[in-house]
**Student:** 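Mind looking over this structure? Questions follow.
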Amino acid sequence: MTTPLNELRDPALLKNQAYVDGAWVDAASHFAVNDPATGQTLAQVPNLDGAAAEAAIAAANQAWPAWRDKTAKERAAVLLRWHRLILDHTEDLARLMTAEQGKPLGEARGEVAYAASFVDWFAEEGRRVYGETIPTHDRSKRLMVLKQPIGVCAAITPWNFPLAMITRKVAPALAAGCPVVIKPAEQTPLSALALAELAARAGFPAGIFNVLTADGANSIAIGKVLCDSPVVRHLSFTGSTEVGRILMRQCAPSIKKLSLELGGNAPFIVFNDADVDAAVEGALAAKYRNAGQTCVCVNRFYVQDGVYETFVTRLAQKVAALKVGNGFEPEVQVATLIDDQAVAKVAEHVQDALAKGGRLLTGGELLKGRLYAPTVIADATPDMRCAREETFGPVAPVFRFHTEAEAIALANDTEFGLASYFYSRDMGRIFRVGEALEYGMVGVNTGLISTAEAPFGGVKQSGLGREGSHHGIDDYLEVKYLCLGGIQAA
Ligand SMILES: NC(=O)c1ccc[n+]([C@@H]2O[C@H](COP(=O)([O-])OP(=O)(O)OC[C@H]3O[C@@H](n4cnc5c(N)ncnc54)[C@H](O)[C@@H]3O)[C@@H](O)[C@H]2O)c1
Ligand SMILES: O=C[C@H](O)CS(=O)(=O)O
C-alpha cells in the first residue's frame, strides 16, 4: 500500500505504537489513522485505555524527582537538542502532518518551525524562573519566595495543529521541571508519536515525556483518569469550549490547575480610514489559513459602510484566485477539511446565510472530496448562524456597520473572546478600539498574530491562562513563600 508516508527520509519517525515510560507500547486493539483528503488509511495505532493512562501517570511521577532536581540549564540542554532534531526533520514532520491533518505542505513546514519555536523559547525561559526576597515586616524574620515545578502535567490536544499545540504545552512544563502525559487528537497521533521519537533521541529520561494514543471513546476514558488523578497537578487542554467545560468539571474534585485554550469567534473590523488593500491581505491570512480551521481564524467580518463594497469586491477577487487542492500538491493554498462533520457544518452555515439574505460573491460549494470552495458572503446579518457559531471553515461572512461604537458592540456580542482584528490608520481609534475589544488578543493592521514571544489565550469562554511568552511557564510553577524566623540581632 503506497501512502504519502512511503517517502519519509527517516521512516523511523512513522510510529505505530504509543510511548510510555521510555518504551514503545502496544494495545490489544488499534484504530486507523486516515488521510482526510483521500480517506486512505495511513497507519494503525494502539487504542489505549484508562489503565494505560494510570501507568503513564505512575511513570511520570516516578521520573519527576530526578528531572526536577536537574538544573534549569541541564533541562535546557535536552530541550535544545530536541529543538534541533525537530528542525532537522522538518520535511518528514511536515509530510506526516499533511498526511494525517491535510493542511498544505507549506503550512505544515511553517507549523514545524512554529512548534519548534516554543521549545527553544521555553528552554531559555526555564533558566529565568526567578524567586523573590521581600523587605521584612519583622527584624527577626526574612521573607523569601521560591518558584517550584508543579508536578505531573497532562495535556490533551486538538487535531488542527498536531505539533504546535503539543510543544506549546510540554515545552514550558519540561523547562519548569515537570513530566508530561500527552493525549493527542485521535485524528492526528502520528505527529505526536514522531515528537516522542525525537524526544527519545534528544535524551529525555524515561517517563518524562509520554504519549497515549486513543480513539474518541477511549479519549474520554483517558481524560477521566487524567482529571481524576490526584498525582496530576495540572491539566492543559486545547480544543472546543464544550469539551473544555467537561474537563473543568471533571478536574474540580482534585482542585487541579487548569490551562484552557478553547473556541473562538474572531471579529475582523475594517474602518473607513483603513488601508483597504492591506485589510484584504490581512483577511486572507486570518481567514483561510488551514482552510479556516484555526481557533484564531476570523469568523465575522465587519466593514464600515464607506469602504464596504470596495472591500468585499477586492476580497472576493483574491479569494476566487486561491488555489484549492490536495495539501501535497505544489502551490495549494486551501486544502481539505478534517472530516464529513466539518464539511456539513460549513455547508449548513453557508446555506443558512444565503437563505437569510446573504449575497454570495465567490465559492459556496463543495468541490471534490472534503474540499470546500473558499467563500465570501456579503450582506451578512446577526441572525445568521455564522454570526454566533464558530464555522471552522473557509467562509467569510461580511457584515456592514456605520459607527465605531456599533462595530465594538457587534464585535463584543459573543461569549467567546480569543482573537480579534481591526484595520485603521487613526491612532486615537487604534487605542479606543484596542482597549474596548473584549478579547485576549487583538491584531491591529495585521491578520497574523501568533508567535512564541507573545501571550496566546482568550477571555470569557475562550479559555483560561496564556501560552507562549514569559507568562506561559507560570501555569507549570507553584509559588512557595518561605518565612525564616528566629533571626536575632548580633
Ligand atoms: N484556543 C486554541 O488555542 C485552540 C486551538 C485549536 C483548536 N481550538 C478549538 O478546538 C475546536 C476544534 O478542535 P477539536 O475538534 O479537536 O476539539 P475537541 O474539543 O473535539 O477535541 C480536542 C481534544 O479533546 C479530546 N476530547 C474530546 N472529548 C473529550 C472528553 N470528553 N474527554 C477528554 N478528552 C476529550 C479529543 O480527543 C482531542 O484530543 C475548535 O473549537 C477550536 O476553536 C482552540
Ligand atoms: O488553532 C489554534 C492555533 O493556536 C492557531 S495558531 O497557529 O497558534 O495561530
Side-chain angles (χ1 to χ4, degrees), residues 263-272 274 276 279-322 324 334 337 342-367 371-402 406-423 437 439 443 447 462:
N265 183 355
F268 185 108
I269 307 168
V270 184
F271 289 99
N272 285 338
V276 174
V280 168
E281 289 306 317
L284 291 171
K287 174 69 251 188
Y288 297 97
R289 183 159 67 104
N290 202 7
Q293 300 171 118
T294 92
C295 57
V296 293
C297 276
V298 181
N299 210 58
R300 299 165 288 154
F301 287 88
Y302 294 104
V303 181
Q304 200 161 17
D305 45 19
V307 293
Y308 187 90
E309 286 304 328
T310 303
F311 178 82
V312 295
T313 302
R314 290 182 189 172
L315 178 63
Q317 285 169 348
K318 292 278 190 179
V319 170
L322 290 172
V324 182
V334 178
L337 294 173
V343 171
K345 182 177 186 183
V346 168
E348 286 165 13
H349 277 200
V350 169
Q351 287 145 22
D352 172 74
L354 299 183
K356 293 174 180 172
R359 178 169 36 119
L360 181 65
L361 299 185
T362 187
E365 60 177 340
L366 181 62
L367 302 174
L371 293 173
Y372 198 89
T375 299
V376 178
I377 296 174
D379 304 337
T381 52
D383 60 320
M384 296 175 181
R385 285 182 61 186
C386 56
R388 304 216 64 81
E389 300 170 20
E390 187 179 37
T391 302
F392 230 55
V395 177
V398 188
F399 303 77
R400 184 189 298 266
F401 74 92
H402 304 291
E406 180 192 4
I408 292 168
L410 288 167
N412 286 339
D413 181 22
T414 170
E415 67 272 29
F416 294 105
L418 189 61
S420 57
Y421 310 85
F422 69 93
Y423 278 71
L437 287 173
Y439 291 83
S462 286

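One is the number of the first residue; the rest follow in order along the sequence. Side chains are part of it too, since the values below use all heavy atoms of this structure and drop only hydrogens, waters and symmetry mates.
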**Student:** Rounded to the nearest 0.5 Å, what's the gap from CG on Leu354 to CE on Met384? Could you check?
**Tutor:** 7.5 Å

**Student:** If you look at every heavy atom in Pro374 and Val334, which pair is closest and at what distance?
**Tutor:** CG-CG2, 3.9 Å

**Student:** Please walk me through it: do Asn265 and Arg300 pass side-chain hydrogen bond (donor to acceptor under 3.5 Å, both in side chains)?
**Tutor:** CA-CA 7 Å; Asn265 183 355; Arg300 299 165 288 154; 2.9 Å; yes

**Student:** Taking all heavy atoms of Tyr288 and all of Ala396, pick out the closest pair and write down the distance.
**Tutor:**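 So the minimum-distance heavy-atom pair works out to OH-CB, 3.4 Å.
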
**Student:** Do Leu410 and Pro267 have side chains that approach each other closer than 4.5 Å (heavy atoms only, starting at C-beta)?
**Tutor:** no

**Student:** On a heavy-atom basis, which atom in Cys386 and which in Ala353 lie closest, and how many Å separate them?
**Tutor:** SG-CB, 4.5 Å

**Student:** Considering all heavy atoms of both residues, which atom of Phe311 and which atom of Ala283 are nearest to each other, and what is their separation?
**Tutor:** CZ-CB, 4.1 Å

**Student:** Is there side-chain contact between Gln317 and Val280, with at least one heavy-atom pair below 4.5 Å?
**Tutor:**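 Side chain of Gln317 against side chain of Val280, heavy atoms only: no contact under 4.5 Å found.
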
**Student:** Check whether any side-chain heavy atom of Leu361 lies under 4.5 Å from a side-chain heavy atom of Val398, and answer yes or no.
**Tutor:** no

**Student:** Which residue pairs satisfy the side-chain hydrogen bond (donor to acceptor under 3.5 Å, both in side chains) criterion with at least one member in residues 347-360, sequence neighbours excluded?
**Tutor:**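 As it turns out, the side-chain hydrogen bond (donor to acceptor under 3.5 Å, both in side chains) pairs with a partner in residues 347-360, which skip direct neighbours, are Glu309-Arg359, Glu348-Arg385, His349-Glu389, His349-Thr391, Asp352-Lys356, Arg359-Asp379.
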
**Student:** Can you find a heavy atom in the side chain of Tyr439 that is under 4.5 Å from one in the side chain of Val296?
**Tutor:** no

**Student:** Could you grab the distance from atom CG of Leu437 to atom CD1 of Ile269, nearest 0.5 Å is fine?
**Tutor:** 5.0 Å

**Student:** Enter the distance from Ile377:CD1 to Phe399:CZ here, rounded to the nearest 0.5 Å.
**Tutor:**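 Reported value, rounded in 0.5 Å steps: 9.5 Å.
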
**Student:** Closer than 3.5 angstrom, by distance alone: can the side chain of Gln293 be matched with the main-chain N or O of Gly393 as a donor-acceptor pair?
**Tutor:**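 Judged by distance alone, no pair lies under 3.5 Å.
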
**Student:** Can you name the one residue among Phe271, Tyr302, Phe268 that meets ring-ring contact (aromatic ring centres under 6.0 Å, His included) with Phe401?
**Tutor:** Phe271

**Student:** To the nearest 0.5 Å, tell me how far Cys295 SG sits from Glu390 CD.
**Tutor:** 7.5 Å

**Student:** With no hydrogens and no angle check, is any side-chain donor or acceptor of Ser420 less than 3.5 Å from a backbone partner on Ala266?
**Tutor:** no

**Student:** Between Glu281 and Lys318, is there a salt bridge with N-O shorter than 4.0 Å?
**Tutor:** yes

**Student:** Search all heavy atoms of Gly447 against all heavy atoms of Tyr421 and return the closest pair with its distance.
**Tutor:**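 Where Gly447 meets Tyr421 most closely, the heavy atoms are O-CE2, 3.6 Å.
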
**Student:** Quick one: closest heavy-atom pair of Pro394 and Leu337, and the distance?
**Tutor:**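 Nearest heavy atoms, Pro394 then Leu337: CD-CD2, 4.1 Å.
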
**Student:** Taking the side chain as every heavy atom from C-beta outward, state whether Val319 and Thr375 have any atom pair closer than 4.5 Å.
**Tutor:** no

